[in-house]
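Reckoned from all heavy atoms, side chains included, excluding hydrogens, waters and symmetry mates. These numbers come from a predicted model, not from an experiment.
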Amino acid sequence: MDTRHTDTQSVILPVHDAEPWLDECLRSVLQQDFQGSMELSVFNDASRDKSMTIIEKWKVKLEGSGIPVVVGGHSWPSPRGVGYSKNQAIAQSSGSYLCFLDSDDVMMPQRVRLQHEAAVRHPTSIIGCQVRREPPNSTERYTRWINQLASDQLLTQVFTSHGPTVVMPTWFCSRAWFSHVGPFDEGGRGVPEDLLFFYDHLRRGGGVVRVDQSLLLYRFRPDAATHAVLESTIWTHRVCFLEERALRHWTTFTIWNAGRQGRRLYRSLSEGARRKVVAFCDVDEKKIKKGFYCYEESQERPKPRVPILHFRAARPPFIICVKLDLTGGAFEDNLRSLRLQEGQDFLHFS
């Protein structure tokens, strides 16, 4: 590890027009019960509101309580984006551990202490935590997924549409590991920098650990930068990662869902991966009775015709394109009836 960096916990805080939430966010830094050395590194990404006034006010309070504050930023006409801001905040910080915080979120007092303890035990892992969503009912399925994944699912469910299995505002890791994987992509608005970093982290053998306590109030905002990322962009990255990490190791596989989502996945695969699809499977008798799916846009001749089978007649491994929690438990019961093992016999993609 670079000896210039001290055994300090650096809270990494990118800021852009965060005036409505910044007081509550910065108060939560002051209220941490961690007994070791801690600093706050803020990077102001061209804020046009009163964010800098609030930051300067809290700099005095925090430093008066023994928490050094490093403030950087720029005043160019346009913000450079979250990836750039996080990289700058990290570069100007000095700690050997990095605690990521979004400017509209609030840490519970024990967050730094508990995640630091986990990071010491797991030096090549990203450490996350459970969250409390605000407003409480804004994303119920997503929040349940964040908080209830089993420890092994933190790795087996990395292909789903939800994204990283520990959400970015909860990340905590060593600087040495971040430097090994990073930095964040600086493409700006529309780039899923946290997802790209997470995939690179997994490629390098990194682990994923969650502290099973709610340590962050995670605010839902429809205007948040994450919503500027197109679903099609995320889809493309997900399919490429699925092929790279799983499908290249399988000689054949079945897509569970002969409907729109399953067919979309099939069409999105590379030609080599498509050739490994031996069947679709489903429970819908109309789809099964049709007998096959013909990929009309294929350049192959004859055009591929993929059988559609009842799930009990299909053979693993499966890529599951069925959204969980939406069938009243029927899909989960069907899956359990086959006695499959997640990560070996099936992977979730939806």
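In this structure, a donor-acceptor pair under 3.5 Å is absent between the side chains of Glu39 and Gln9. Side-chain contact annotation: Asp45 with His74, donor-acceptor N/O pair under 3.5 Å present. Under 3.5 Å, the side chains of Ser268 and Trp235 contain a donor-acceptor pair of N or O atoms. Donor-acceptor pairing under 3.5 Å is lacking for the side chains of Arg27 and Gln31. Looking at Ser151 and Arg210, their side chains never bring a donor and an acceptor atom within 3.5 Å of each other. Between Gln115 and Trp171, the side chains place no donor N or O within less than 3.5 Å of an acceptor N or O (distance only, hydrogens not considered).
Glu193 has a carboxylate O that lies under 4.0 Å from a charged side-chain N of Lys86, or vice versa, which qualifies the two as a salt bridge. Salt-bridge annotation for Arg248 and Glu243: absent, with no side-chain N of the basic residue lying under 4.0 Å from a carboxylate O of the acidic one. A salt bridge is absent between Glu332 and Arg336: the closest approach of a Lys/Arg side-chain nitrogen to an acidic carboxylate oxygen does not fall below 4.0 angstrom. For Glu63 and Lys59, the salt-bridge test passes: some basic side-chain N is under 4.0 Å from an acidic carboxylate O. A salt bridge links Arg264 to Glu231: one of the charged nitrogens lies within less than 4.0 Å of a carboxylate oxygen. Electrostatic pairing of Asp33 and Arg113 counts as a salt bridge here, judged by a charged N lying under 4.0 Å from a carboxylate O. Taking 4.0 Å as the cut-off between side-chain N and carboxylate O, Glu24 and Arg219 count as a salt-bridged pair. Ion pair Asp17/Arg48 not flagged as a salt bridge, since none of the NZ, NE, NH1 or NH2 atoms sits closer than 4.0 Å to an Asp/Glu carboxylate oxygen. With respect to the salt-bridge test (charged N to carboxylate O, under 4.0 angstrom), the residues Lys303 and Glu297 do not qualify.
Counting heavy-atom neighbours within 6.0 Å of Lys50 NZ, excluding the residue itself, gives a total of 12 or less. Open room surrounds CZ on Arg305; 12 or fewer heavy atoms of other groups in view lie less than 6.0 Å from it.
The ring pair (Phe, Tyr, Trp, His ring centres under 6.0 Å) test with Trp256 singles out one residue from Tyr266, Phe346, Phe331, and that residue is Phe331. For the pairing with Phe159, the ring pair (Phe, Tyr, Trp, His ring centres under 6.0 Å) check across Phe241, Tyr199, Phe349 returns one residue only, Phe241.
Ser138 places a side-chain N or O within 3.5 Å of a backbone atom of Pro135 that can act as its donor or acceptor partner.
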